[in-house]
Amino acid sequence: MATRPGPLTEWPWQWMGGYKYLVLAPVAMHTAHRLATKGWGDFDPAYTFMLPTLLLRMIHNQIWISLSRYQTARRKHLIVDRSLDFEQVDRERDDQIILNGLLFYLGYAIIPNFRLMPVWRTNGALITILLHMGPVEFLYYWFHRALHHHFLYSRYHSHWFHRALHHHFLYSRYHSHHHASIVTEPITYDAVIHPFAEHLAYFLLFSISILPPIFMGCGSVLAGVLYITYIDFMNNMGHCNFELMPKWMFQTFPPLKYLIYTPSFHSLHHTQFRTNYSLFMPFYDYIYNTMDSSSDELYERSLKGTEETPDIVHLTHMTSLKSTYHLRIGITSISSKPCNDSVWYMWMLWPVAWLSMAEQLNGSGELFAKKYPRLRVRLIDGSGLATAVVLNSIPFGTKQVFLCGSNSKVTRATAIALCQRGVQVILNQEKEYGMLKSRVPESRAIYLKFSNDETPQFPLKKARKDCTYLSNPAMKIPETMQNVHTCENWLPRRVMSAWRIAGILHALEGWEMHECGDDMMNIEKTWSAAIKHGFKLLTKPCSLNSGTDL
């Protein structure tokens, strides 16, 4: 939110949350009605392209977001090395595409020339290009400076406009919301990052390039679509936070540096605030001497980049269909929130999720470790810490535990540890009981019990007040831990699974062994390391002495 929100800061459909796309329902219904009553012959090119263009814009933006987050993790050409957080993710959404769709539909309804546009006209496209290079870039430059209140009064600018900008009026009420994101992402340029009133001004500004050719009778559908795609492409590139513009382009054609900006050029505007105001063509920053003096140096340094060897690599597979949407490079508005309920888009990626959940993939990493014995990166499955979290999550005084499910490494380690501590472990599957019995020390085998009578109801249909219910092994991360902006499946924010934390501990402690296959880290050692580095159990730690049943 802006420092001091002004009128029309919030978007009209902000209260609708995830249902905001229903705002476009009348457009979709009208399209369906026209198709049902008049058939495809009634559709002109402008109307035909309208909804598909909105969908393609969303896909285009998502590709840039995924690419940006991939490059951020790779880090070689990173521009601003600072962390993202959940607050920034919550601010950044795609409302401007909805607004554009409504305004385009309104323009189609009230401007007859929209319905007369052909698919392509070269002269109209050239006019659009010239209008963008001329008035659009010029007006944006001065409007942008006005938003920052770094406006220089001169004989070219009226006195009343200058007075309106006193006390950072526009910046504090509108543009400060956009600049709350120091580390930019492709979606940073989007609507909610620009308040509603500010984005209306931008729409009017860009319409200078679109409307005149239409009124002149030389506009075309494809020219409009390509111009909007150009705006999205340049905005996404300028906010992607990694340098990708090749140097040979500027060496081959030196004037190009006045006609196209680079991600590092616009990044300086978000870190320095008072420089690099241009839209996409920096020549007005050169003319009015507002280009940051470090622009070329930052470009060279970011393009060259630095190679970094990762301390840890977290290899995982999907645990459910929902987890597919919680990938770091995925849809930010979904991955930043715990997934508790079934949603309509769940079916879209089920083939990928099903394949990724294949059991015993690569021998839990053991086959890979044997194939590359000199591997410098250690493979960690986190089973040692997961076992420690399970053991310390069992309520104080527990004397009996029922284990069910597949006989995993964590299950075996948990059962053995409980038996060694004098806690009775009950299993209702004879095969698992036989496998575990051979592993439990003979002196503690009396605590391992097989019983067909123990058949509790799983999954549970009703919670009991005298029972403790926990999710998968997880811990709260330290407050000092940065760059955490996605959730893991149903886990709350800033809570990580024990398997993922184990890899971090492995790097922090400098441990050299692999933890994969049948190998497991010492349970007490990993637990002590987790507590030392500030990770906290979701429930109070407990000791396993005699007491009540679980």
Side-chain angles (χ1 to χ4, degrees), residues 3 68 71-72 75-84 88 132-134 136-157 162 165 168 170-172 174-186 188-189 193-194 202 233-308:
T3 308
S68 174
Q71 291 291 344
T72 299
R75 300 184 63 81
K76 182 176 181 180
H77 300 292
L78 196 65
I79 299 172
V80 179
D81 190 6
R82 295 177 63 174
S83 64
L84 297 172
Q88 178 170 341
H132 176 85
M133 295 179 67
V136 171
E137 287 282 346
F138 177 78
L139 291 173
Y140 178 90
Y141 174 83
W142 285 109
F143 178 65
H144 198 181
R145 287 190 67 173
L147 290 172
H148 283 265
H149 188 207
H150 304 306
F151 193 95
L152 301 178
Y153 179 72
S154 72
R155 58 190 175 93
Y156 298 106
H157 307 102
H162 177 71
L165 300 172
H168 298 271
L170 294 177
Y171 183 82
S172 62
Y174 298 103
H175 202 56
S176 60
H177 189 61
H178 177 67
H179 278 274
S181 300
I182 304 297
V183 182
T184 59
E185 287 197 289
T188 301
Y189 90 90
I193 301 310
H194 289 296
Y202 290 141
F233 180 88
M234 295 300 294
N235 271 318
N236 281 318
M237 184 187 73
H239 293 86
C240 69
N241 198 34
F242 68 94
E243 191 54 72
L244 74 163
M245 294 294 290
K247 193 174 181 178
W248 63 263
M249 290 177 59
F250 299 103
Q251 292 174 335
T252 304
F253 186 62
L256 189 63
K257 71 176 183 179
Y258 303 107
L259 300 177
I260 184 171
Y261 71 176
T262 64
S264 55
F265 179 92
H266 189 69
S267 178
L268 282 169
H269 176 69
H270 278 264
T271 55
Q272 304 303 318
F273 299 105
R274 301 191 179 193
T275 58
N276 297 9
Y277 295 103
S278 293
L279 179 56
F280 307 137
M281 300 178 177
F283 51 78
Y284 286 114
D285 281 305
Y286 283 94
I287 293 173
Y288 294 105
N289 198 30
T290 53
M291 192 189 77
D292 195 287
S293 58
S294 62
S295 296
D296 292 338
E297 187 272 333
L298 179 62
Y299 168 75
E300 296 279 355
R301 187 174 71 248
S302 302
L303 188 64
K304 181 180 179 182
T306 55
E307 292 286 354
E308 293 187 13

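Sequence positions, counted from 1, serve as the residue numbers for this chain.
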Determine whether a donor-acceptor pair (N or O, by modelled atom type, separation under 3.5 Å) exists between the side chain of [X] and the backbone of [Y].
X	Y	answer
His239	Glu185	no
Glu243	Ser264	yes
Tyr141	Pro282	no
Thr72	Ser68	yes
Ser295	Asp292	yes
Asn276	Leu268	no
Thr262	Phe265	yes

Is any side-chain N of the basic residue among Asp81 and Arg75 closer than 4.0 Å to the acidic one's carboxylate O?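 Result for this pair is yes, salt bridge flagged.
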Quick one: do Lys304 and Glu300 make a salt bridge, cutoff under 4.0 Å? no
Looking only at the side chains, is there a donor atom on one of Thr290 and Asp285 sitting less than 3.5 Å from an acceptor on the other? yes
Under a 3.5 Å threshold, yes or no: a donor from one side chain and an acceptor from the other, between His132 and Glu137?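 Indeed, the side chains of His132 and Glu137 share at least one donor-acceptor pair under 3.5 Å.
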Does the side chain of [Y] come within less than 4.5 Å of [X]'s, by heavy atoms?
X	Y	answer
Asn235	Phe280	yes
His144	His269	yes
Ile260	Phe250	yes
Phe283	Lys257	no

Measuring from atom [atom1] of [X] to atom [atom2] of [Y], what distance do you get when rounded to the nearest 0.5 angstrom?
X	Y	atom1	atom2	answer
Tyr261	Met291	OH	CE	16.0 Å
Phe242	Leu303	CZ	CG	11.5 Å
Arg145	Ser278	CZ	OG	10.0 Å
Gln272	Leu298	CD	CG	9.5 Å
Leu244	His77	CG	NE2	9.0 Å

Is it the case that the ring center of [Y] lies less than 6.0 angstrom away from the ring center of [X]?
X	Y	value
Tyr277	Tyr140	no
Tyr288	Trp142	yes
Tyr286	Tyr258	yes

Which atom of Val80 lies closest to which atom of Ser267, heavy atoms considered: CG2-OG, 3.1 Å
